[in-house]
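Written below as structure tokens is the structure these notes are about.
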Amino acid sequence: MRDLNFFKDYKGGKQEKIKQSKFLYIVIGIWVAIIVITLGYNSFNILRYKSKYKHYNEQLNSESVTKKLKKVEEVENKISVLKVYDTNLSEVTMAVDRRDDVSKDIIEKIRKCGTENMECSKISIQEGVVTVEVTGSSRNDIATLQYNLKKLGIFNDVHVNEVKEDSGKFTSSVKAVIKVVDDNENK
């Protein structure tokens with residue numbers, strides 16, 4: 001005959017609770033182990049990085065590095081001064097480029113101011129003064145050149161130097177001072 005065990009259900013429940021408790025303790029133990037390992041690893045890295053930090057600070061504060069830093073600062077100061085000079089020089093260069101005292105058109109206008117009986121042997125331009133050396137068949141040719149140059153409106157003063165006569169030809173040099181035009185007058 002077989003025995004009937006009425007407490008069997010109660011006995012199995014205790015073992016189930018014991019299994020659950022063991023599982024819970026194992027999981028908690030694993031978590032605690034992970035936390036302790038992570039804490040140890042991080043603490044070790046913090047100490048290692050502190051020693052590296054100290055080492056690098058010592059290297060940065062050494063005399064050779066401070067000398068190099070002073071040299072770098074001097075070079076940076078020189079570069080900043082050169083940049084200022086460069087910008088100022090660029091402005092001057094652009095202003096000179098914009099200043100167009102004499103162009104090809106003006107030279108052509110000067111050539112056309114003479115008469116048919118006149119030859120321009122030389123046109124020179126220096127510091128805003130145009131000098132035209134001409135040879136004409138009469139004094140009227142030279143006077144016409146002077147009058148026409150004044151009429152152009154690009155010269156402040158037009159002036160004829162002495163007129164020389166040589167075997168029926170009249171030679172002279174005519175000087176004309178170019179007007180200086182401000183930016184405001186250009187508009």
Side-chain angles (χ1 to χ4, degrees), residues 1-111 122-131 152-157 175-187:
M1 164 160 186
R2 215 163 169 208
D3 287 332
L4 293 177
N5 189 357
F6 294 108
F7 300 104
K8 178 176 156 188
D9 292 335
Y10 297 109
K11 194 175 183 184
K14 267 187 178 179
Q15 285 180 352
E16 190 67 31
K17 281 186 181 182
I18 290 173
K19 284 182 183 178
Q20 285 179 352
S21 296
K22 282 183 185 179
F23 180 72
L24 183 64
Y25 292 135
I26 290 172
V27 169
I28 291 174
I30 290 174
W31 277 108
V32 167
I34 290 173
I35 291 172
V36 167
I37 290 171
T38 305
L39 178 68
Y41 177 76
N42 288 339
S43 298
F44 172 75
N45 281 334
I46 288 172
L47 292 174
R48 188 176 66 163
Y49 289 134
K50 279 184 180 179
S51 68
K52 282 185 179 182
Y53 175 77
K54 189 185 257 185
H55 175 71
Y56 289 139
N57 268 341
E58 289 172 359
Q59 283 184 341
L60 287 175
N61 293 330
S62 69
E63 286 184 37
S64 63
V65 173
T66 53
K67 287 179 183 178
K68 288 178 184 178
L69 283 174
K70 285 181 183 178
K71 285 182 183 179
V72 167
E73 287 175 358
E74 289 174 5
V75 169
E76 285 177 351
N77 288 337
K78 289 177 182 178
I79 288 172
S80 66
V81 168
L82 287 175
K83 282 183 181 179
V84 170
Y85 285 142
D86 182 52
T87 55
N88 291 339
L89 188 61
S90 296
E91 290 173 6
V92 169
T93 304
M94 288 177 11
V96 167
D97 288 343
R98 284 190 305 246
R99 183 177 177 197
D100 192 18
D101 288 345
V102 179
S103 65
K104 290 179 183 178
D105 296 334
I106 292 175
I107 292 174
E108 283 302 314
K109 287 179 184 178
I110 292 171
R111 283 187 161 176
K122 182 179 173 184
I123 298 176
S124 65
I125 303 160
Q126 290 181 346
E127 298 179 9
V129 176
V130 177
T131 305
L152 282 177
I154 58 175
F155 299 109
N156 279 338
D157 183 32
K175 287 189 178 182
V177 179
I178 298 172
K179 283 184 180 179
V180 177
V181 180
D182 293 349
D183 288 336
N184 295 334
E185 291 179 33
N186 264 342
K187 293 179 184 174

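What you see is a predicted model, and the numbers here were worked out from it, not measured in a lab.
Separation of atoms CG (Asn42) and CD1 (Ile37) is listed at 12.0 Å; rounding is to 0.5 Å. With values rounded to the nearest 0.5 angstrom, Ile30 atom CD1 is found 15.5 Å from Tyr25 atom OH. Between atom CG of residue Asp86 and atom OG of residue Ser80 there is a gap of 12.5 Å, rounded to the nearest 0.5 Å. Separation of atoms OG (Ser62) and CG (Leu60) is listed at 7.5 Å; rounding is to 0.5 Å. Taking OH of Tyr56 as the start and OH of Tyr53 as the end, the distance is 13.0 Å to the nearest 0.5 Å.
Of all the heavy atoms in Gln59 and Val65, the pair that sits closest is O-CG2, 3.3 Å. Scanning both residues, Thr66 and Asn61, for their nearest heavy atoms gives CG2-O, 4.3 Å.
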Assess whether side-chain contact (heavy atoms from CB on, under 4.5 Å) is satisfied between Ile154 and Lys179, documenting all intermediate values. CA-CA 6 Å; Ile154 58 175; Lys179 283 184 180 179; 5.9 Å; no
Take Val177 and Phe155, measure what side-chain contact (heavy atoms from CB on, under 4.5 Å) needs, and give me the verdict at the end. CA-CA 5 Å; Val177 179; Phe155 299 109; over 6 Å; no
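Put simply, the residue from Leu89, Thr87, Val81 that forms a side-chain contact (heavy atoms from CB on, under 4.5 Å) with Tyr85 is Val81.
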